[in-house]
S.K.: 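Mind looking over this structure? Questions follow.
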Amino acid sequence: GDIFDGHTHLGKINYNLYIKQEVHYVNEEELEGLTERSGSIDPKDAEKLYGKEDLILCLEDGRCIKFFVPNTNGTIMCSGNFFKRDN
């Protein structure tokens, strides 16, 4: 995928993205619960991105999501929903 810091393209990056969503059943009706979006990148990339505040990951299918790097071990945490990026 492509990484941006605001409008600045930082390059391409390999990533793993995981989406977990709770599902609740109330009166036999399925209700969507909280969604957690997280993932991982190479720790060397995490060291370069750690501390940046306006990061965007654009996936190969065109969807983008804001994210941050909470430490230098390669973990990423996503915020908000997927969106299409205006070039």
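For clarity, every value in this text was computed on a predicted model and none was experimentally measured.
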S.K.: Can you tell me how far CD1 of Ile76 sits from CD1 of Ile65, rounded to the nearest 0.5 angstrom?
M.R.: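 Answer rounded to 0.5 Å: 8.5 Å.
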S.K.: Taking salt bridge (Lys or Arg N to Asp or Glu O under 4.0 Å) as the cut-off, I'd like each qualifying pair that reaches into residues 20-30, sequence neighbours left out, listed once.
M.R.: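 Residue pairs passing salt bridge (Lys or Arg N to Asp or Glu O under 4.0 Å), neighbours aside: none found.
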S.K.: Side chains of Ser79 and Phe67, heavy atoms from C-beta outward: is any pair under 4.5 Å?
M.R.: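 No, every pair of side-chain atoms sits at 4.5 Å or beyond.
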S.K.: Is the count of non-hydrogen atoms from other residues, nucleotides or ligands lying under 6.0 Å from His7 atom NE2 greater than 12?
M.R.: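 Atom NE2 in His7 is not crowded, with 12 or fewer foreign heavy atoms closer than 6.0 Å.
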S.K.: To the closest 0.5 Å, what do you measure between CD1 (Ile19) and OG (Ser38)?
M.R.: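 These two atoms lie 9.5 Å from each other.
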S.K.: Please answer: with hydrophobic residues joined when any side-chain heavy atoms are less than 4.5 Å apart, are Leu10 and Val69 in the same cluster?
M.R.: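 Yes, Leu10 and Val69 fall within the same hydrophobic cluster.
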S.K.: Which pair of heavy atoms, one from Tyr15 and one from Gly1, lies closest together, and at what distance?
M.R.: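 Taking every non-hydrogen atom into account, CE2-N, 3.4 Å.
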S.K.: Only counting residues at least two apart or in another chain, list the ones meeting side chain to side chain donor-acceptor pair (under 3.5 Å) with Thr35.
M.R.: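 Testing Thr35 for side chain to side chain donor-acceptor pair (under 3.5 Å), a comparison that skips the adjacent residues, returns Gln21.
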S.K.: Are Phe82 and Ile56 connected into the same hydrophobic cluster when the rule is that any two of I, L, V, M, F, W, Y join if their side-chain heavy atoms are below 4.5 Å apart?
M.R.: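 No, it is not one cluster - the side chains of Ile56 and Phe82 are not joined through contacts under 4.5 Å.
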S.K.: Do Leu59 and Leu55 share a hydrophobic cluster, counting only Ile, Leu, Val, Met, Phe, Trp and Tyr and linking them when any side-chain heavy atoms are less than 4.5 Å apart?
M.R.: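 Shared cluster, yes.
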S.K.: Give every residue pair that meets the salt bridge (Lys or Arg N to Asp or Glu O under 4.0 Å) criterion with at least one member in residues 57-83, sequence neighbours excluded.
M.R.: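 The answer is Asp61-Arg63.
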S.K.: Atom SG of Cys64 and atom CD1 of Ile3: how far apart are they, to the nearest 0.5 Å?
M.R.: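 The distance works out to 10.0 Å.
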S.K.: Does Leu17 belong to the same Ile/Leu/Val/Met/Phe/Trp/Tyr cluster as Phe68, with side-chain heavy atoms less than 4.5 Å apart forming each link?
M.R.: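 No, because Leu17 and Phe68 fall into different hydrophobic clusters, even though each may have its own neighbours under 4.5 Å.
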S.K.: Under a single-linkage rule joining Ile, Leu, Val, Met, Phe, Trp and Tyr whose side-chain heavy atoms are separated by less than 4.5 Å, which residues share a cluster with Leu34?
M.R.: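 In the cluster with Leu34 there is nothing else; it is isolated.
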S.K.: For Pro70 and Met77, work out which heavy atoms get closest and say how close.
M.R.: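 In this case the closest contact between Pro70 and Met77 is CG-CG, 4.0 Å.
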S.K.: Among residues at least two apart in sequence or on other chains, which ones pass salt bridge (charged side-chain N to carboxylate O under 4.0 Å, His left out) with Lys12?
M.R.: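 If we apply the salt bridge (charged side-chain N to carboxylate O under 4.0 Å, His left out) test to Lys12, skipping adjacent residues, the hits are Asp2.
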S.K.: What side-chain donor-acceptor pairs closer than 3.5 Å can you find for residues 39-52, not counting sequence neighbours?
M.R.:
unit_1 : atom_1 : unit_2 : atom_2 : d
Ser40  : OG     : Asn16  : ND2    : 3.4
Asp42  : OD1    : Lys44  : N      : 2.7

S.K.: Are the side chains of Asn81 and Phe83 in contact, using a 4.5 Å heavy-atom criterion?
M.R.: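 In short, these two side chains do not touch, never coming nearer than 4.5 Å.
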S.K.: Just by modelled atom types, is the Thr75 backbone N or O under 3.5 Å from a matching donor or acceptor in the Asn73 side chain?
M.R.: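 Such a contact is found between Asn73 side chain and Thr75 backbone.
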